[in-house]
Amino acid sequence: MQNLRPINEYRRMRDPAGSNSTRESPVMLSSSLDSQEEVSIEEEVENSDAASATLGNVRCDNPYIVAENIDVFYGDNHAIQDVTLEIAKNQVVALIGPSGCGKSTFLRCLNRMNDSIDSARVTGTITLDGENIHSKSLDPVALRARVGMVFQKPNPFPKSIYDNVAYGPRIHGLANDRAELDNIVHTSLERAGLLKEVKNRLDDPGTGLSGGQQQRLCIARTIAVDPEVILMDEPCSALDPIATAKIEDLMDELSENYAIVIVTHSMQQAARVSRRVAYFHLGKLIEVDETDKIFTNPSHKLTEDYVTGRIG
Amino acid sequence: MAADTSTSSRTKVEAGLARRRRREHLFRAGGMAATMVGVLFLIVFFWTLLAQGSSAFVQTFVDLDIEFSADLLAPDGELDTAYADFDGIARAALRKKFPEVSGRNDRRALNRLISVGAGYQIREAIESNPDLLGRSQVMTLPVAANVDMLMKGNIDRSLPEDQRPLSDQQVAWIDALLADDSISTRFNRALFSNGDSREPELAGIRGALMGSFYMLVITIALSFPLGAAAAIYLEEFAPKNRWADLIEVNINNLAAVPSIVFGLLGLAVFINWMAIPRSAPLVGGLVLSLLTLPVIIIAARAAIKAVPPSIREAALALGASRMQVVFHHVLPLAMPGMLTGTIIGMSRALGESAPLLMIGMVAFIVDVPASFSDPATALPVQIYLWADSPERAFAERTSAAIIVLLGFLLIMNLSAVIMRRKVERQW
Ligand SMILES: Nc1ncnc2c1ncn2[C@@H]1O[C@H](COP(=O)(O)OP(=O)(O)O)[C@@H](O)[C@H]1O
Ligand SMILES: [Mg+2]
C-alpha cells in the first residue's frame, strides 16, 4: 500500500532527457487503503462473473469506439475474456498489464488485424461511431483507413521516405494530383515532427533513418491516411529516451484530433500521456479508470500490485 | 574460496586449450583438403574439355582460284543453281593446283580433300552475285574433316598408311598446299551457323541451340507465372491446414522425381493424348516446364517467406487489401529471390537430356528449327548424339558443344548469384 506514489512522481520518472518537459499535475492524493477494503476487493474478484469483473468505469462520455463483451480465442487459448471498454475521441487511453495479458490482442481487435491470423476467433461487438465493425457492409480495408495502427518495432517500407508516407493516400486515392499528394506528405511529416529532419532527403530510403525517426515516419504514414483512431502497440519500447519524449509530445498533440489507444509497459508513459488507463490481467480487463485514479488510488489489488511494481 | 574456484577453472580451461586448438587445426586442414580435391577435379575437367574442344572453334580452309566457268555451270546458257555442278568447279580448281594428277583413283583421292561444303559456298557466292558467271575469283573453302584433323595434329603421320584415314599421297598434297601457303585455319563459323550434319566439318550447334532456346522460352513463359502464382497463393492466401501440408509434401516430392519420368509423362499426355507433334520444342518446353515448376515453386515460396511479416502488417494496417499487400510489398521484395530460383530451374532445364529422349527430340535434324513446332534437338541431346559418332572430328565438336553449354549455364548461374546479392542488400 505504502508503495503507491503520488502521480506526479510517476510523471517525473521520465528519463533525464524528458524531465524538463514534465507536465505538472495538480493531483496529489494520499494513498492508504485500509486492510478492510483490500479483503473486500479480493472477495469481489472471486465472486464476480466476468462481465462485472472490471472495476472502475468502462464507460465514458461520447464514446467513439464501443467494445462490448469481446472474447478472443487463439485456437483453444482464450486470450481475451469478456472485455467491455468504451473509448472517446480526443483522449488517450493506455492499456497496461503484464506481458501476454492480451493488450496487443485487444488492440488488434479494434482494426480487425486479427483477421489475418488463421487461428484467431473474435466474438462480441465493436462499434466505431455507432457502426458495427464486423458487419458485412464494412470492408476491413475501409475500417483500417479509419483506424490506423503503429507497431512496436518501427516497420517502414523499404521504399523512400516520401513513398512511405504517400503509400496510404495513394491506395485510398486521397490525392487528386501530385501537388496534393506532396501536400499530404509534407503536413503528415510535419505533424509527426519529422519534416525538419528529412526535408532534404525525401527520396532516401525510410529504412536508413534512426529508430526514433523510423517510428515517427510510421506515425506520419499512419496520419497521412487521416484516420479517426490511432492504435499504438508499445510504440516507444525500441526507442531511446529522447525519441520517446518526442513521440509522447506528438501523442499529446494528436489526441486533440484523434482517439488514441496506446499499449505501454511504462507506467510513467501511461501516467504522462493518457487520460484513462485500462489494466489487463491474464486476458481479463481488471480495472479502467481515470489515469490519476489508477496510479494513486486503484480499486483492485492486482492493479495496485502492478502499478507499484510488485508484479509485471 | 571464490578466488580458489576461479583459478582452478582457469587451469582447467588452459589444460583443454591445446586439445581444442589441435582439433580446430585438424578440422581446418580437412576442410581445406576437401576443397582442394574439389578444385582439382574441376581443373582436370575444364582442362580436358578445353584441350579437346578448343580446336573445334577453328577450322582449316584452302584458298582456291575458282573459275565460274559458264560452260560448266550453265551449259544451256541459263544458270540453274539447283542443278549446276558447283562441286565440280571446286574440284577443277584444286586439280589445277596439281596438274600432274591423273588416273581415276588419284583424282578421287585428291577430290576427297575438299569438303562438300565448298560447293555450297560457291553456290551462295554466285547466288548473291550472279555477275561472277564467266569470271574467276579466289575463294576460301572448307577442307574435308580428315585434312582438318591432320592440320590440328589429331592424325598421327607416323602411323603406317593403312592405319590412318589419309594416304601418303594425300598427305603429300596437303604438305604441298601448305608449302605454297594456300591452306590456313580460321574461326569456325560453321559451328555456330549450321545445323547438324553427317560431315563433321559442316556440323554446327545452331540447330540444337535454337531448339534449346525455343524450349526455354516455352518453359520460362509457362513455369515462371504458374510457379509464382502457385507460390503466392500457397504462401499468402491458402489456409494453413492439412491440405496445404499435403500439397507441400507433394511439391517437394515432384522436385525429386527423376527427370526421365517427366519425359514419359510428356510422351503419354502431350504426344499420345494431346497429339502435339513429336520432336517439337513445344513438347520439350512443356515437359521441361513440368520439371522446373516444383523447383520454382519451392524457391519462390522461400523468397516470399523471407519477406518480413512486419512489412505485411504495416501495409494491412494502412488499409491495403491483401492483393495490394502482395503486389506492392511482398512481390517487389521477393522478386529477386524468385528470379534466382527461376534461373536455377532454367539452367537445370537447359542441361536436361533424359526427358527429351522420351519425346523424340533425339533425331538427326539438319535444318535449324524456325518455330516452336519444327522438329528440333537440344544442346545436351546434340552432345549425346555427337559423342556417339565414331569420327575423330566429332569428338572435338562434342567437347566444343559442352563448352558452349557450360558457358550458358555459367552465365545463367552468375546472374542468379548477382540477383541474390541484390536481394541481400534490400533490408
Ligand atoms: N498470433 C498468435 N497466435 C496464437 N496465440 C497468440 C498470438 N498472439 C498472441 N497470442 C497469445 O495470446 C495471449 C495474449 O498475447 P498478447 O495480446 O500479445 O499479449 P500482450 O500484448 O499483452 O503482451 C498470449 O497468451 C499469447 O500467447
Ligand atoms: Mg504485445
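Each chain gets a letter, A, B and so on, in the order the sequences are listed, and its residues count up from 1. The basis for the numbers below is simple: all heavy atoms, side chains too, and nothing from hydrogens, waters or symmetry mates.
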Over 12 non-hydrogen atoms of neighbours within 6.0 angstrom of CZ in F372(B): yes

Answer with side chain, backbone, both or neither: which region of P156(A) has an atom nearer than 4.5 Å to a non-hydrogen atom of chain B? backbone

Any chance CZ of F237(B) has more than 12 other-residue heavy atoms, nucleotides or ligands included, within less than 6.0 Å? yes

To the nearest 0.5 Å, tell me how far I171(A) CD1 sits from S321(B) OG. 7.5 Å

Give, for atom NE2 of H328(B) and atom NZ of K159(A), the distance between the pair rounded to the nearest 0.5 Å. 7.5 Å

When you look at L316(B) and M149(A), which way does the side chain to side chain contact (heavy atoms under 4.5 Å, CB included) test go after all the steps? CA-CA 10 Å; L316(B) 277 177; M149(A) 187 166 200; over 6 Å; no

Pair R108(A) + E313(B): basic N to acidic O under 4.0 Å: yes

Can you say whether F157(A) sits under 4.5 Å from chain B via the side chain, the backbone, both, or neither, judging by heavy atoms? both

Ignoring hydrogens and geometry, is there a side-chain-to-backbone donor-acceptor pair from N155(A) to I311(B) under 3.5 Å? no

Under 4.5 Å to a heavy atom of chain B? For V147(A) that would be backbone

Please find out if less than 6.0 Å separates the ring center of Y167(A) from that of H329(B). yes

So V225(A) and L318(B), side chain to side chain contact (heavy atoms under 4.5 Å, CB included) or not? Walk me through it. CA-CA 7 Å; V225(A) 183; L318(B) 279 176; 3.8 Å; yes

Residue, of A315(B), A314(B), S310(B), that accumulates the most heavy atom pairs under 4.5 Å with chain A: A314(B)

Could you name the residues of residues 119-126 of chain A that have a heavy atom within less than 4.5 Å of a heavy atom in chain B? none

What do you reckon, is CZ of F213(B) surrounded by more than 12 foreign heavy atoms closer than 6.0 Å? no

Of R146(A), K153(A), R221(A), the largest count of non-hydrogen pairs under 4.5 angstrom with chain B goes to R221(A)

